Every structure is written in C-alpha cells, then in structure tokens.
Amino acid sequence: MCGIAGIYSNKAVASELYDSIIHLQHRGQDAAGIMTYDDRMHKEKGIGLAKEIFNSENMKLLSGNIGISHNRYPTHGGFSHGEVQPFWTSVPYGIALAHNGNITNYNEMADEVTQTENRYLNTTSDSEVLLHYFADQLHSNKPPKSSEKFFDILCDAVSNIFTNVQGAYSVVSLIIGKGLVVFRDPQGIRPLVKGQRTNSNGSKDYIFASENTMFYALGYEPTGTVLPGELIYVDEQGNIFNKRLVKTKFNPCIFEYVYFARPDSTLNDVSVYRSRLRMGQNLAKSWEKKYPDKTPDIVIPAPSTANTSALSFAHELGVRYSEGLYKNTFIGRTFIMPGQKERKKSVKYKLVPQELEIRDKKVLIMDDSIVRGNTSREIVRMLKDFGAKEVYFASACPPVKNPCFYGVDMPTKDELIAGNMTEDEISSYLDVDILLYQEIDDLVEAVKRKGNHHIDDPCMACLNGKYVANDIDDLKVAKIETMRIKDRNGA
Ligand code: SF4
C-alpha cells in the first residue's frame, strides 16, 4: 500500500505536497518522495518517515506550482533508495510518475518495455515499468501545440495502458511543459479522491490523493472520487480535462475500509468511519444471534484501527467499551513493517494491558482483521497474563484466506492464518473461548449501506479468492509469490 498526491496550484506546491505526505504517512512508512517542476524537474526522496527526509533546506529546492508526492510501502521491488518514488524519465518531455497499487503482468510489461521499446529499467519496481510504458505511448506522437490535442494523445496513451497493463494502479504524473495527469485503473481497485480550492482572484487549484485526509488542512473542498477508468488532465494554465475511457464494474478494495484508510477519510464517496461503525453493529447482531446467552463484561479494541467498530459493537450489546490496551503511538504500525521479525518484536512494545480493566473479567477483544495471527495470539496471551476470566475474539473482517496482488502486503498464502487453518483451528491457536468473524455479506453491507457511491462489488479477493481484474490464476499466484519471496530476501 502506498500514498500518492498530485497538486496543481497557483502558488508553489512543495509545502502542500509535504503536508500531503504527512497526512498519508499511515499508508507507507518506508520511504517518501516529492517532485515538482517549473522550467525543469526538482526532486527530493529518501528512506524513512517524511519528517526524517524533508527539511527547510531541501524543501527550498522544490520550486514550481505543479507536483506529485509518494509514501512508500513496498509490495513489489526491493528496498533500496533507487526504488523510492516518484520515478522519472527525460524522454519524451520529462515525465515523473507516482503509483499506488500492483501490476500483475509485470514480467510481460517489463519485457515489452525493455525488448520492444528498448528502454532501460533501473529497478525491479512495477511503477518504473508503468512510467516507461506511459512514456513510450506518448513518445510516438509529435508534441502538439494545444492542450485539447495533448489531451487526445493522453487519451490514446492511457487507453493503451488500460488495455495492456493488468492489476491495480492509481497514478499521478507530471509532464514538463504540459501539466498534471491523473488516472485510475478500470476496476478502481486502489483509491484516488479529488478536491479543489478557489483563490481570491477566482483561479482554481486542484488536488488528487489516495485519501482526502489533508484536504481540510490545506483548504481544499472534496469533489468526490476519480472514477475507475478515468483520465484527468490539468494543463499549465489550470484548464481541466477529463474522460472516463473505460466503463466496467467498480471494484474498490474493501480492505481500505477494514484497515488501511484513516477513519476520517471518505473513499469512493463512503465514509470510512461510518463504515467501521456499521461493521461493529453488524458483528454485534451476529454475536447476539450465535451467542444469546453469552455477554462479555467489557469490549476492548486492539488499538487503534478497531476502535471504531469496537465502540459500536459495545454500544449495540449494551456493554462497557474500554481502552484496556494502551498503545504506544511512537512505534509504527506492525502490519506495515517489512519482515516478520520486526513485526513479532514490536507487539509487546506497542501494546500495554491495563490490569484494572482486565482482571477477573470476560473480555471481548475486537480487532479489524486477523491476517497472520501472531499479533492476535500475543494479545490473548497478554490478557490471560493480566487475569482475564474468559477471552473472546471478534474480527470486523471475515477470514483473510488469499494473498493480495493489488497492493497490500499479504504476500503468500502460507503466511495467512485463515489460508491454512479452519476457524476452529484458529480459535485453538489463539487460545480463545469464542472466536467470531464478520460474515462477508455483513461486511459488504457495512461499506455499501450509505453514501452516494457508485461501488458495484468491492474487491474481496483476499477473502473470497475472486480477483476482480480477472488476471490471476494458480500459475500466476505461484509466480508472483516466488517473485515476492525473492524481493523480500533481496535475491
Ligand atoms: Fe484489497 Fe483484499 Fe482486494 Fe487486495 S485482495 S485489493 S486487500 S480487497
């Protein structure tokens, strides 16, 4: 998972791109980068958190009123400085690109770019392949004079991408002398929202980002979502062009609502916070149906993504909600860390149980999901160490059984607890008295119940094995999993 932002403004954009990275930091903590342009390209990238990479000195160099930014969380490629986005190429025009998602026909596209188009790939990143393929589509045309003509060329180029590049990709790109380009794959798997701001002289500024978390702080009004298969172009004068090049079903990632997105975001015109409240309500109804004679004394969220659904779950059952696990917020999100060793180590440092809230009580722990199961097991053990009488575990998400190939780090089926165990086996592994998972229909209902949205069927491939871009079969699963293990081991 990554965070991207692209801004066209009537004033310098660097500081707003920095603020965007800060507001999207939860989507990727490994690396970040900003590129802007005026008469030429300016870039600053680094490994680590945004606050560690950018300072007043290097920010001064990022001049220009058009720019893009990226927070990295690697799901493809290695971990070196060379893999940090945005990527750029000088031919044609000078193009920079930042991408959120995963390209599932990477090998075929890499062959096309290197062998047919004679371009050189510096990394194993799928985003670099996407950049070169995009550049090559534009290269075959003579530079046009008018923005209308350039938009026609962009439509052809991005249509070719939509036809030939498989998987998930939300993209922001800048093209020297031309402006800002934004597009989202035909299924709209990864999020991309938009906003605008009117200046005192009537001119308009535009922002596009993975989430609208920074809009209010920067003074932008949300104007909805970039639609699946849509291309948007803002030229250097601020004229805006858009076209939905492909119309298929809208299948945005449901896991954004479960875990990834910040609760204050509105994605695909659905409030993440409200959807999480509904997840808790639906799960509570399911609890009452299955366990009418069992009532927990207390509901404690595994902080902090599950706080919202735990709150509504407790409210629905008439049970006390407690923050009985204190989270040390100075330690990063464990799920997002590359490598199992760090993940395991950090749970105990991150969560501290409050004994008064736990001892002699029937405690229900609510988590957003159970992916690998290690964190859940350690939490249960901690609660028992602190004297819980009984421990129940509720997951706001159904069992995660399949790897994600669209940009979320669940690389191999072997690592997913529900990919290898039945619910009864998971319950014994976690050592809980009751384990309750959300039903798939209840999760979908929680996301789709309200909001003036256009979602058809959200992507739930990690839950039901249906890969919405029709691009994954068993052979491909094996290939991609092998590639990811190699990437991770630095082979
Ligand atoms: Fe999201 Fe799961 Fe689909 Fe991946 S497979 S895009 S995590 S819903």
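What you see is a predicted model, and the numbers here were worked out from it, not measured in a lab. Atoms within a ligand are numbered from 1 in the order they appear, just like the ligands themselves.
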Distance filter under 4.0 Å to R190 heavy atoms, resulting ligand 1 atoms
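Numbered from 1, ligand 1 contributes 6 (S).
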Below 4.0 Å from ligand 1: does a non-hydrogen atom of E256 turn up there or not?
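Per 4.0 Å heavy-atom rule, E256 does not contact ligand 1.
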When rounded to the nearest 0.5 angstrom, what is the spacing between CD1 in I472 and NZ in K479?
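So the CD1 of I472 and the NZ of K479 are separated by 11.0 Å.
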For the rings on Y169 and F134, is their centre-to-centre separation under 6.0 Å?
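They do not qualify: ring centres at least 6.0 Å apart.
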Among D264, V272, I22, side-chain contact (heavy atoms from CB on, under 4.5 Å) partner for T213
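With T213 as partner, D264, V272, I22 yield a single side-chain contact (heavy atoms from CB on, under 4.5 Å), made by D264.
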Is the count of non-hydrogen atoms from other residues, nucleotides or ligands lying under 6.0 Å from E323 atom CD greater than 12?
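Open.
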Any chance NZ of K476 has more than 12 other-residue heavy atoms, nucleotides or ligands included, within less than 6.0 Å?
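Enclosed.
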Side-chain donor-acceptor contacts of residues 246-256 below 3.5 Å, not counting sequence neighbours, with atom names and distances?
| unit_1 | atom_1 | unit_2 | atom_2 | d |
| --- | --- | --- | --- | --- |
| T248 | OG1 | P186 | O | 2.9 |
| N251 | ND2 | D457 | O | 2.8 |
| E256 | OE1 | R27 | NH1 | 2.8 |
| E256 | OE2 | R27 | NH2 | 2.8 |
| E256 | OE2 | R190 | NH2 | 3.1 |

Donor-acceptor contact present, side-chain H70 to main-chain C2, <3.5 Å
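Between the backbone of C2 and the side chain of H70 there is no qualifying donor-acceptor contact (under 3.5 Å).
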Distances under 2.8 Å only: what protein N/O/S atoms are near atom 3 (Fe) of ligand 1, ordered by chain and residue?
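Sorted hits: C459 SG.
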